[in-house]
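Start at 1 and go down the list; that is how both ligands and their atoms are numbered.
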Amino acid sequence: MRAHADAGAAILNGRGLMRRYRAADGDVLALDSVDIALRAGELLALVGHSGSGKTTLLSIMGLLDRPDGGTLEMFGRDVSRWGWGRLAKLRRGRIGFLFQDAGLIERMPVIENVMLPMRYARVPGARRSQNARNALERVGLGDKVNRLVGTLSGGERQRVGLARALAMQPRFLVCDEPSASLDKVTTGLVAELLREQAQAGAAVVLATHDPLLLPIAGRVLHMERGRFVAGGS
Ligand SMILES: Nc1ncnc2c1ncn2[C@@H]1O[C@H](COP(=O)(O)OP(=O)(O)OP(=O)(O)O)[C@@H](O)[C@H]1O
């Protein structure tokens, strides 16, 4: 696996991050002045009850959403006022995502799904295919590279999502409930792969309710009503 040269470098620095949603039944303050920093090689877990703001924070950390207030530095750049296009460009190739709804294309073969983000990031064809095959081997799907995603089980799909995130060798990996539909053995595999990513110098953040994933985290932060709380409830 490629080791990242800049282990320990600042990946992200957020100060006073706010995010308010407007809903028909009133406004929701999903992030209430959150400070968060993350360095290369770190593995951070976010825990907290449903609705405490974990996904909202992950979306902002992954540049999929923008805060309404506060400042955000990513990879040493202040992106607080950047537009969507510029954020997408920074995200592409640097940030990998593993979300519950893996966003896979059902009628496309497994390997094509895994190669897609590398296509967008203009990784050369031969390397795309090699990286995708290696990643699929690592998640135990080396024998299913040509299967259509629509024919896979829920756990297999989730592993394709993980392979897709790993194949890019991102500097920053953002995971929302990465073990949601997995059995114990596969959860162990995912935990091992995430730990390897951090050891190779990537920053990893995961939101989870799964006690099996917590031991791999170097730091655990508890969220409640859009804030970090000591120890949690
Ligand atoms: N698009 C939206 N519009 C309105 N409210 C939203 C929206 N997205 C999230 N919220 C609200 O913001 C709060 C935080 O939601 P968020 O999804 O970040 O929580 P979470 O901790 O990830 O929860 P879970 O563990 O259930 O995934 C919740 O009260 C939720 O209802």
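Scanning the protein heavy atoms around atom 28 (C) of ligand 1, the nearest turns out to be Gly51 O, 3.6 Å. Here the protein heavy atom with the shortest distance to atom 6 (C) of ligand 1 is Tyr21 CD1, 3.2 Å. Closest to atom 17 (O) of ligand 1, if we only count protein heavy atoms, is Thr55 CB, 3.6 Å. With respect to atom 26 (O) of ligand 1, the closest heavy atom belonging to the protein is Ser50 OG, 2.6 Å. Scanning the protein heavy atoms around atom 21 (O) of ligand 1, the nearest turns out to be Lys54 NZ, 2.8 Å.
Across every non-hydrogen atom of Gln158 and Leu98, the tightest pair is O-CD1, 4.0 Å.
Ligand 1 places these atoms under 4.0 Å from at least one heavy atom of Val28: 11 (C), 12 (O), 13 (C), 29 (O). Interface atoms of ligand 1 facing His209, defined by a heavy-atom separation under 4.0 Å, are 25 (O).
For atom 3 (N) of ligand 1, the nearest protein heavy atom is under 4.0 Å away. There is no protein heavy atom closer than 4.0 angstrom to atom 30 (C) of ligand 1.
Residue Glu177 has no N or O atom closer than 3.5 Å to an N or O atom of ligand 1. The shortest N/O to N/O separation between Gly53 and ligand 1 falls below 3.5 Å.
Side-chain contact between Val149 and Ile105: absent, with no pair of heavy atoms (C-beta onward) separated by less than 4.5 Å. Using a 4.5 Å heavy-atom threshold, the side chains of Cys175 and Leu194 count as touching.
With a 4.0 Å heavy-atom cut-off, ligand 1 is reached by the backbone of Thr56 and by its side chain too. At a heavy-atom distance under 4.0 Å, only backbone atoms of His49 (N, CA, C or O) approach ligand 1.
Taking a cutoff of 4.0 Å between a charged side-chain nitrogen and a carboxylate oxygen, Glu112 and Arg119 qualify as a salt bridge.
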Run Arg157 and Glu106 through salt bridge (charged side-chain N to carboxylate O under 4.0 Å, His left out) and show every step you take. CA-CA 10 Å; Arg157 285 168 199 227; Glu106 305 250 324; 2.6 Å; yes
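Open room surrounds OH on Tyr120; 12 or fewer heavy atoms of other groups in view lie less than 6.0 Å from it. Surrounding CZ of Arg66 are more than 12 heavy atoms belonging to other residues, nucleotides or ligands, all under 6.0 Å away.
Partner of Leu46 under the side chain to side chain contact (heavy atoms under 4.5 Å, CB included) criterion, chosen from Thr55, Leu206, Leu58: Leu58.
Residue Ala207 places no heavy atom under 4.0 Å from ligand 1.
No side-chain N or O of Asp210 forms a donor-acceptor pair with one of Thr208 less than 3.5 Å apart.
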